[in-house]
Number of protein chains: 2
Amino acid sequence: MEEVARVAGVSPATVSRALKSPETVSEKLRLRVQEAATRLGYAPNRIAGSLAGARTPLIGVVVPSLTNSFFAATLDRMSALLDAKGYQLMIGQHDYDSDREERIVTAFSSWNPSALVVTGRDHTRGTVSILSATACPVIEMWDHDERPIDSGIGFSNRAAGRLAGQHFASQGFEHVAYVGALLEQDTRARARAGGFAAEFLAATGRQAQILDVSSRDLGEGCKALARVLATQPETRAIAFSGDMLAAGAMFAAERAGLRIPQDLAILGYGDLDIAAHMNPALSTIRPPRNEIGEAVADHILARLADPSAPKQNLDLGVELIRRATT
Amino acid sequence: MEEVARVAGVSPATVSRALKSPETVSEKLRLRVQEAATRLGYAPNRIAGSLAGARTPLIGVVVPSLTNSFFAATLDRMSALLDAKGYQLMIGQHDYDSDREERIVTAFSSWNPSALVVTGRDHTRGTVSILSATACPVIEMWDHDERPIDSGIGFSNRAAGRLAGQHFASQGFEHVAYVGALLEQDTRARARAGGFAAEFLAATGRQAQILDVSSRDLGEGCKALARVLATQPETRAIAFSGDMLAAGAMFAAERAGLRIPQDLAILGYGDLDIAAHMNPALSTIRPPRNEIGEAVADHILARLADPSAPKQNLDLGVELIRRATT
DNA sequence: GTTCATTTTGAAAGCGCTTTCACGAATCGC
DNA sequence: GCGATTCGTGAAAGCGCTTTCAAAATGAAC
């Protein structure tokens, strides 16, 4: 920077101003500085800048998994929107391990990020206390609940489950099942299953069969169908906690000679690409994956532009996309 | 830090050493310092640390897209391996736009990252010159080619295409097609298509039909089948540049009453979850998506541990996973 | 041509660490 | 037991910016 200052014939302070807040510098000098900077190929050292300034243009976001296409979609939107404003995403993944989450949040917060985004509402005490103590905006995304630490943007998985239960009840089904990978620390899938069963019970007075499978992928869906039918042969409608499972069940049903939706109604969750293109097209519940990313980015930008901007706790809701399987 | 020093009754310098390089400090003091630090809830400011030190524990990685499950898988592995060693991933996505790539690389390099990872071998002049000038290890991943800027870890898409062409040729097919989304800036898909056609021509003396579709998803695959058969009804084998397209074509084939693989052989690319669980199970070519992540992380760690460690240019190859569709 | 208000600019003080350097203490060899 | 090494520690000098503060320059008003 000193060199640029010398070449432009100004002081380092002016170089800093010309580059960071051009409006505070006279037109003439700004041009001289900018030209000198480009001629010398000067790139400001952001670390030094951040140390001197109050905050880094980094936004820490921690997600359970990068391969989960829901979070990937959210990150994608956030990245696009925030990148454009000069913010960089620092991404951490904890594989559904709260202690790793705490370590990541600790590490991130020591960067003085402009904002911190975490997934879900379940955190260790330590995570919560770090997040509460942080000066920057903190957003808990994906799950909706009362009283976020700072701001919350997401939807209720329980409501998503209820929507499915209510849909089946309103169609007059008496024997239904819910299949999901519930055992892992995936509280989201459990909330959906719970919402489904509760709503179906409330609406029909009947118990739904809940089946816990070991993974979210197609193969498990295939096996699940047989298990559901073995336990309860009268089952006429099955909701899944994921489209892949649902698709797997559809393949298995086809092999078993079951017609969908006449013999068996199927409802997925996620609205993955595959859902719209199954044959018949899979009805599913769509979480607002892109919307969350956009809302989070917007909120961060708003808070950063005006530190007194209000916190928020947004429920973006889910949508039942009815296609051909129910 | 000063406070911790006072509480522990030592100098700030000792605190720094006790926390960063415990082996250079006497057992007794180290314990005192550590206790004081935890008692005060002291978290070192990494920005200051990075400014004083030479390098940030940040690794910049730029990918075309976060929603692409190949890159997501690679990032996932990198993140897991590098996180464990205290490095943070800074992720940028450019949506296949070289100029955005250059901007991201510029921004990243002004952080003095410990390493820079970019996707592919096609960069603007500016990107190349920044990358060449950077002091840290630079890895170009996913594509294999001669002479990387620094190190390269990937595989040859052309070879992946050739493998498909050779497979069809060796099965005695005479009329084959390759379907892919070739128009976009996706040079990878084009390389595969080129490799396929070249190899098939070399092996059989026959021309393969190349069909360019507008997107990579299931729906396009459905439509593509009809178009291929309309142009060239004798086609008996189709290779796709993505599993989703292939799956779409399988759905369409099923509706059209075609038996797979008897009437039509199908070969995918990607080995997505869906491939193994189609009915019949989809044969496909599997790119080393996780392996790339691991190799990149390993290489970065090696270079960082020993700055004189050799650069490398690795071709991880692809694998033909033969299942039931060919 | 002054004076006063306003804008521009430069000097300098950090931001919170790491690391070199030098010094006193502990350890060693003979 | 004495000098020669090591080892452990603290003082202090930055790392490369931003930002306050005050001085200089400009312009408006009389």
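All chains are named by letter (A, B, ...) in the order of the sequence lines, taking the proteins before the strands, and each is independently numbered beginning at 1. Keep in mind that what you see is a predicted model, and the values were worked out from it rather than measured.
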Asks: Establish, from distance only, whether the side-chain atoms of B:Ser132 and B:Ser129 form a donor-acceptor pair under 3.5 Å.
Replies: no
Asks: Whole Å only: how far is the CD atom of A:Glu27 from the C1' atom of C:dT7?
Replies: 15 Å
Asks: Using atom CG of B:Asn112 as one end and atom C1' of C:dT18 as the other, report the distance to the nearest whole Å.
Replies: 15 Å
Asks: For B:Lys28 and for B:Leu51, locate the closest nucleotide of DNA chain D by heavy-atom distance; then report the residue assigned to the nucleotide nearer the 5' terminus.
Replies: B:Lys28
Asks: Classify B:Ile47 by what it touches in the nucleic acid, base, sugar-phosphate, or nothing, heavy-atom distance under 4.0 Å.
Replies: nothing
Asks: What residues in residues 12-23 of chain A put a non-hydrogen atom under 4.0 Å from any atom of DNA chain D?
Replies: A:Ala13, A:Ser16, A:Arg17, A:Lys20
Asks: What is the distance from atom CG of B:Asn290 to atom CG of B:Asp76, rounded to the nearest 0.5 Å?
Replies: 7.5 Å
Asks: Please pick, from D:dG10, C:dT8, C:dG10, the nucleotide with the shortest atom-to-atom distance to any side-chain atom of A:Ser26.
Replies: C:dT8
Asks: Does B:His144 use its side chain to pair, donor to acceptor, with the backbone of B:Leu314 at less than 3.5 Å?
Replies: yes
Asks: When the distance from CZ of A:Arg30 to C1' of C:dT7 is rounded to whole Å, what number comes out?
Replies: 16 Å
Asks: Could you tell me whether the side chain of B:Asn68 and the main chain of B:Phe70 form a donor-acceptor pair under 3.5 Å?
Replies: yes
Asks: Taking atom C1' of C:dG10 as reference, at what distance in whole Å does atom CZ of A:Arg6 sit?
Replies: 16 Å
Asks: Choose from C:dG10, C:dG16, C:dG14 the nucleotide whose nearest atom is closest to any side-chain atom of A:Ala52.
Replies: C:dG14
Asks: Side chains of B:Pro57 and A:Trp111: closer than 4.5 Å at any heavy-atom pair?
Replies: yes
Asks: Roughly, in whole Å, what's the span from CD in A:Glu3 to C1' in D:dG16?
Replies: 14 Å
Asks: Using a strict threshold of under 4.0 Å (side-chain N to carboxylate O), is an ion pair present between B:Glu35 and B:Arg32?
Replies: no
Asks: Could you work out which one of C:dT9, C:dG16, D:dT18 sits closest to the side chain of A:Met1?
Replies: D:dT18
Asks: Once you round it to whole Å, what is the distance between C1' of C:dC17 and CG of B:Asn45?
Replies: 7 Å
Asks: Could you check how far CZ of A:Arg55 sits from C1' of D:dC17, rounded to whole Å?
Replies: 17 Å
Asks: Strictly below 4.0 Å: does A:Tyr42 bring a side-chain N or O up to OP1 or OP2 of D:dG16?
Replies: no
Asks: Nearest to the B:Ala48 side chain among D:dT9, C:dG16, C:dT9, which nucleotide is it?
Replies: C:dG16
Asks: Applying salt bridge (Lys or Arg N to Asp or Glu O under 4.0 Å), name anything that partners B:Arg6, two or more places apart in sequence or on another chain.
Replies: none
